[in-house]
Amino acid sequence: MRTRLAIRTHALLERYFPERRLFLRSDSDTRFIRLKSETQAVVFAGGSLVLGWTIIATAILLMDSIGGGNFREQAKRDQQTYQQRLNDLSHERDARASEAAAAQDRFNTALAQVSIMQSQLLDSETRRSEMETGIEVVQATLRDTMKKRAELTEQMEALQADGASELASAGTAQTDSTMDFLADALARTAAERDQVVADAQDALVRADEMASEIRQMADQNDTIFRQLEEAMTVSVKPLDKMFTAAGMDPDRILDQVRRGYSGQGGPLTPLSLSTMGSTSSADTLRANNILGEMDRLNLYRIAAQKAPFATPLKDAFRFTSGFGRRWGRMHAGTDFAAPMGTPIYATADGVVTHAGWSSGYGRLVKIQHEFGIETRYAHQSKIRVKVGQRVSRGDRIGDMGNSGRSTGTHLHYEVRVGGEAVNPMIYIKAANDVF
């Protein structure tokens, strides 16, 4: 069976590749090379394979060249789009910074107006107390006057009765003197009565005027109170939202700040006007509520200064990597890219706890803040603070670099609460929504 298959195969090859002989003739001899069908088939197959491989390789190279050109053009377009996006983000950041500066100016203006309104409120409250005291005095005087008028009326009636009895018992000789005495007494009584009536009318008119002034002052106080309450609501609610968005309990933060600033006195001290043993008035309660909101606003201002509600860079930059898992590992911060030597600033008040080399981080600065918050600034080219130094928000602490485990010039910025890393953008975005 194997021999028959070999014969058929040889016959097929003989049909397409007949045996050939290649003669080599020299001066003295003639030789030939026999090319079998199998040899010719092998040479033909090898040549076909080489030719096919050459065609395929050339096609692949052409396709790669065409695809590479398209990829480079697409990369250029993507780079231009990304650069345009970065420019837009830079302009937007500048606009937000301008809006934050304007909001800070409006906030300072509102505080100044609140201080002026508070002084006016205290003055009006003092005047109201004085007017209430004056009304009480007028009412007491009016009661005394009415009582005195009643007594004079009784005396006049008694004199009239006495005069009648004396006229009946006395003689003609005493009639003229008695009548003169009675006439004088009646005239004096009538004059005193008219004076009492005039004084009473004047007192009533004055009481009405004072009541009208009190109502006008009450309306003015209500307007002032309403404006102050609206201003406090507009100022305090965004701060509540900012701390809540950062995962911080506003009440706990304010209590902690209040314990550190526990001094008493000054313009924000609650009102304690004397009310002669009675309960506090509605205006006093509203004033104390406003003063409480002002104190809360002031505590928020102190707390916001001590928490990292700011961006560590003031120059133009771009975000290159966010918080989260990256390349199978946890990236515990946010990366900001900018030129070498770009200034780096502290994002909140605090104390420097580390300023030197740290494995992986390179040149690293750690700052401990209030509320158990710590910030880290890594890969710096130069450190400008020392351990134990107290810094404020906006103080320059170093320059951007490429030290440590880094693939390019950038700042690795971390925020840690109680030792656990949190997303720094939570604080940055929360501050952008308010400031």
Side-chain angles (χ1 to χ4, degrees), residues 239-261 299-300 302-313 319-336 344-380 383-398 400-401 403-407 410-434:
L239 293 172
D240 282 334
K241 183 179 179 181
M242 181 180 72
F243 279 90
T244 302
M248 306 170 69
D249 184 6
D251 294 332
R252 183 180 63 82
I253 296 300
L254 294 182
D255 289 340
Q256 187 171 347
V257 175
R258 188 178 287 109
R259 286 194 297 269
Y261 295 83
L299 292 175
Y300 266 136
I302 297 172
Q305 197 70 20
K306 295 179 178 297
F309 290 111
T311 305
L313 301 178
F319 294 104
T320 56
S321 184
F323 180 87
R325 300 198 66 82
R326 184 183 67 176
W327 303 329
R329 300 179 60 185
M330 184 64 185
H331 185 243
T334 299
D335 292 343
F336 302 82
I344 300 172
Y345 303 93
T347 55
D349 300 348
V351 178
V352 178
T353 58
H354 180 90
W357 189 271
S358 179
S359 177
Y361 285 106
R363 293 182 180 88
L364 172 68
V365 172
K366 296 181 183 179
I367 301 177
Q368 184 66 43
H369 310 282
E370 296 288 342
F371 320 124
I373 301 175
E374 180 189 70
T375 54
R376 298 183 178 184
Y377 312 80
H379 307 309
Q380 300 186 30
I383 296 175
R384 298 180 179 270
V385 292
K386 298 179 181 179
V387 175
Q389 180 178 343
R390 181 171 293 277
V391 296
S392 301
R393 173 182 292 172
D395 288 350
R396 185 173 181 177
I397 61 173
M400 186 178 294
S403 59
R405 190 167 59 248
S406 172
T407 59
H410 73 286
L411 166 66
H412 175 80
Y413 174 62
E414 291 186 12
V415 176
R416 293 178 176 265
V417 179
E420 296 292 332
V422 298
N423 191 351
M425 296 305 299
I426 294 175
Y427 293 86
I428 296 175
K429 291 181 178 179
N432 289 336
D433 294 337
V434 176

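Positions are given from 1, in the same order as the sequence printed here.
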- What is the distance from atom CH2 of Trp357 to atom NE2 of His354, rounded to the nearest 0.5 Å? 10.5 Å
- Task: Report yes or no: does His379 contribute a side-chain atom to a donor-acceptor pair with the main-chain N or O of Ser403 at less than 3.5 Å?
- Result: yes
- Message: For His412 and His331, take the angle between the two ring planes, folded into 0 to 90°, and tell me which bin it lands in: parallel under 30, tilted 30 to 60, perpendicular over 60.
- Response: perpendicular
- Quick one: does Glu420's side chain have a donor or acceptor within less than 3.5 Å of a partner on Val417's backbone? no
- Quick one: which residue pairs count as a salt bridge (Lys or Arg N to Asp or Glu O under 4.0 Å) with a foot in residues 345-374, not counting sequence neighbours? Glu374-Arg376
- Query: What are the two closest heavy atoms between Phe323 and Thr334, and how far apart are they?
  - Reply: N-OG1, 4.2 Å
- Mind checking what makes salt bridge (charged side-chain N to carboxylate O under 4.0 Å, His left out) contact with Arg384, not counting sequence neighbours? Asp399
- Item | Polar side chain donor-acceptor pair, Gln380 to Tyr361, under 3.5 angstrom | no
- Query: Below 4.5 Å, heavy atoms only, C-beta onward: do Ile383 and Ile397 meet side chain to side chain?
  - Reply: no
- Closest heavy-atom pair and its distance - Ser358, Leu364: CB-CD2, 3.8 Å
- Can you find a heavy atom in the side chain of Asp335 that is under 4.5 Å from one in the side chain of Leu411? no
- Message: If only side-chain N and O atoms count, and only distance matters, is there a donor-acceptor pair under 3.5 Å linking Ser406 with His410?
- Response: yes
- Task: Using side-chain contact (heavy atoms from CB on, under 4.5 Å) as the criterion, point out the one residue from Thr347, Ile367, Ile426 that pairs with Pro308.
- Result: Thr347
- Query: Side-chain contact, heavy-atom cut-off 4.5 Å: Arg416 with Ile373?
  - Reply: no
- Task: Look up atom OH in Tyr413 and atom OH in Tyr427, then write down how far apart they are to the nearest 0.5 Å.
- Result: 9.0 Å
- Contact summary for Pro312 and Tyr377, nearest pair of heavy atoms: CB-CE2, 4.1 Å
- Message: Is any side-chain heavy atom of Thr353 closer than 4.5 Å to one of Val387?
- Response: no
- Item | Minimum-distance pair of heavy atoms, taken over all atoms of Thr375 and His369 | OG1-NE2, 2.7 Å
- Message: Are more than 12 heavy atoms, taken from residues, nucleotides or ligands other than Arg390, located less than 6.0 Å from that residue's CZ atom?
- Response: no
